[in-house]
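These numbers come from the heavy atoms of this one structure, side chains and all, not from hydrogens, waters or symmetry mates.
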Amino acid sequence: MRSLSDTELDSAFAALADPTRRAILARLRTGEAGVLELAEPFPISQPAISKHLKVLESAGLVSRHRRSKHHLCRLEPSRLKDVVDWLGTYREFWEDSFTRLDSYVESLGDEDAK
């Protein structure tokens, strides 16, 4: 598991905090797309979509490359995996807490049965 720096985490979570950026990521799950195609479903301008893409790029969640005249965007799933892995450390904390809570509740039931 790759450990993200605080700056990388801040950048990823800031990028993921916006619903338009999350929708762009969802669209890119199906494959590469140009900026115009990504802008199509949104009631905002292409420059506004480009600003969202810059945020996603700086967070490492999206990359752009050129194919002939078109700039295409693609999802960078490795950064999302890094974020999920980071969150996974807290999943372990909560699972351990629920296990201890289950044990405590069962012990209360045992005392009531006596």
Side-chain angles (χ1 to χ4, degrees):
M1 175 171 79
R2 178 176 154 349
S3 180
L4 293 175
S5 70
D6 285 344
T7 302
E8 290 170 321
L9 271 175
D10 291 348
S11 178
F13 281 112
L16 293 169
D18 184 272
T20 300
R21 292 192 283 266
R22 290 193 304 272
I24 290 170
L25 291 176
R27 164 53 190 90
L28 291 174
R29 279 189 326 200
T30 64
E32 297 178 336
V35 175
L36 288 176
E37 183 182 346
L38 291 171
E40 208 170 83
F42 300 104
I44 57 178
S45 66
Q46 180 190 343
I49 290 295
S50 291
K51 287 181 183 177
H52 283 297
L53 286 170
K54 285 180 184 173
V55 171
L56 291 167
E57 282 181 298
S58 68
L61 297 165
V62 166
S63 64
R64 286 193 221 204
H65 64 98
R66 191 177 179 135
R67 185 177 301 153
S68 68
K69 293 181 182 179
H70 303 286
H71 288 270
L72 296 175
C73 301
R74 82 168 54 126
L75 180 68
E76 292 296 335
S78 62
R79 178 53 51 92
L80 280 175
K81 183 177 180 326
D82 292 340
V83 171
V84 168
D85 289 346
W86 183 84
L87 288 171
T89 60
Y90 291 95
R91 181 183 318 127
E92 292 170 13
F93 166 79
W94 284 109
E95 287 173 353
D96 290 346
S97 296
F98 286 128
T99 299
R100 286 195 310 274
L101 180 61
D102 285 344
S103 296
Y104 176 72
V105 169
E106 285 178 20
S107 73
L108 291 177
D110 291 344
E111 288 180 16
D112 287 344
K114 291 181 183 178

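For the atom pair CD1 (I24) and NE2 (H52), the distance works out to 6.0 Å, reported to the nearest 0.5 Å. Separating the CG atom in L9 from the CG atom in L4 is a distance of 4.5 Å, to the nearest 0.5 Å. Atom-to-atom distance recorded for R100:CZ and D96:CG is 6.0 Å, nearest 0.5 angstrom. Interatomic distance, CZ of R27 versus CD of E40, reported as 9.5 Å (0.5 Å rounding). A distance of 10.0 Å separates CG of L101 from CD of E106, quoted to the nearest 0.5 Å. K54 NZ to R64 CZ: the interatomic distance, rounded to the nearest 0.5 Å, is 7.0 Å.
Between K81 and D85, at least one side-chain nitrogen of the basic residue sits less than 4.0 Å from a carboxylate oxygen of the acidic one, meeting the salt-bridge criterion.
Side chain of R21 to backbone of A15: a donor-acceptor contact under 3.5 angstrom is found. Side chain of S50 to backbone of Q46: a donor-acceptor contact under 3.5 angstrom is found. At least one donor-acceptor pair under 3.5 Å links the side chain of S107 to the backbone N or O of Y104.
Residues L56 and I44 share a single hydrophobic cluster, defined by chaining ILVMFWY side chains whose heavy atoms lie under 4.5 Å apart. Residues W86 and F93 are members of separate hydrophobic clusters, defined by side-chain heavy-atom contacts under 4.5 angstrom among Ile, Leu, Val, Met, Phe, Trp and Tyr. Linking ILVMFWY side-chain heavy atoms closer than 4.5 Å, directly or via other members, places I49 and L28 in a single hydrophobic cluster. Linking Ile, Leu, Val, Met, Phe, Trp and Tyr whenever their side-chain heavy atoms come within less than 4.5 Å leaves L72 and L25 in two separate clusters. W94 and L87 fall into different hydrophobic clusters, where Ile, Leu, Val, Met, Phe, Trp and Tyr residues are linked whenever their side-chain heavy atoms come under 4.5 Å apart, directly or through other members.
Smallest separation of non-hydrogen atoms from L53 and C73: CD1-SG, 3.8 Å. The two residues L75 and R29 come nearest to each other via the heavy atoms CD2-CG, 3.9 Å. The two atoms that bring S11 and A59 nearest to each other are OG-CA, 3.1 Å, heavy atoms only.
Side-chain contact between D82 and R79: present, with at least one pair of heavy atoms (C-beta onward) separated by less than 4.5 Å. Contact check for E8 versus V83: no side-chain heavy atoms found under the 4.5 Å cut-off.
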